[in-house]
Amino acid sequence: NAGVTQTPKFQVLKTGQSMTLQCAQDMNHNSMYWYRQDPGMGLRLIYYSASEGTTDKGEVPNGYNVSRLNKREFSLRLESAAPSQTSVYFCASSSYRAPNYGYTFGSGTRLTVV
Amino acid sequence: AQSVTQPDIHITVSEGASLELRCNYSYGATPYLFWYVQSPGQGLQLLLKYFSGDTLVQGIKGFEAEFKRSQSSFNLRKPSVHWSDAAEYFCAVGAGYGNKLVFGAGTILRVKS
């Protein structure tokens, strides 16, 4: 099925370890986004890529980096994981313009940092 | 900067009763408005969206929402709730460069039989 694919679905890291979360979409969307979800806080934007070749910081970028590898793929990297980064991470993509504008979300990555 | 407030953290309704989930937004221009639903352990699914035009929008699963500019609100409604509607609901506003979505904190809906 067409959509947004995230890998891995679950991950446990030790403090200080690094990892990359992968995201790919096959809907030919221009824009892609990474959010984290924490209880009672909704979803908060980490980084986004409005179009291929551009990336920008969101609300909570500290401790993360991103790469827009091509139009389909947008990865999120934790260089030195901290327990505060324990969260559920969602990737999303969107067509840029109404009326097609609207996010399609991946199924999420549940990350635990111990 | 835009923001979204969902005043109710938890709501419990009886099966078959009507439902209204509140959402207030802050944004200087005409916003793009969305409602998403998330079942436990799942991703987010789009229920409905508003861009312009008719202020009453219909979505999937029998949901509708009404945009009221004067009240900066976009409340979600359903005439008769089913047990399968139990989930967390998020209101979001989109605007600005990159059309980033800003989400509310969510409202958890419980349905009692």
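Computed from a predicted model, the values in this text were never measured in an experiment. Reminder, nothing fancy here: chain letters follow the sequence lines and each chain counts from 1.
Contact of A/L45 with chain B is made through the side chain alone, with heavy-atom distances under 4.5 Å. B/Q38 touches chain A through its side chain: at least one heavy atom from C-beta onward sits under 4.5 Å away, while N, CA, C and O do not. Heavy-atom distances place both the backbone and the side chain of B/L44 under 4.5 Å from chain A.
Heavy-atom contacts from other residues, nucleotides or ligands closer than 6.0 Å to CD1 of B/I60 number more than 12. Within a 6.0 Å radius of CZ in B/R110, other residues, nucleotides and ligands contribute 12 heavy atoms or fewer.
Taking the centre of each ring, B/F103 and A/Y35 come in below the 6.0 Å mark. Taking the ring centroids of A/Y103 and B/Y36, they lie at or beyond the 6.0 Å cut-off.
In the hydrophobic clustering of ILVMFWY residues, with side-chain heavy atoms under 4.5 Å counting as a link, A/Y33 and A/Y47 come out apart. Under a hydrophobic clustering in which Ile, Leu, Val, Met, Phe, Trp and Tyr are joined whenever their side-chain heavy atoms come within less than 4.5 Å, directly or via other members, A/F74 and A/F105 fall into different clusters. No path of Ile, Leu, Val, Met, Phe, Trp and Tyr side chains, each step under 4.5 Å between heavy atoms, connects A/I46 with A/L43, placing them in separate hydrophobic clusters. The hydrophobic clustering, which links ILVMFWY residues whose side-chain heavy atoms are closer than 4.5 Å, places A/W34 and A/L13 together.
Across all non-hydrogen atoms, the minimal contact from B/A105 to A/G40 is CB-O, 3.6 Å.
Between chain B and the options A/E59, A/Q37, A/R110, A/R44, heavy-atom pairs under 4.5 Å are most frequent for A/Q37.
Atom-to-atom distance recorded for A/T104:OG1 and B/L46:CG is 8.0 Å, nearest 0.5 angstrom.
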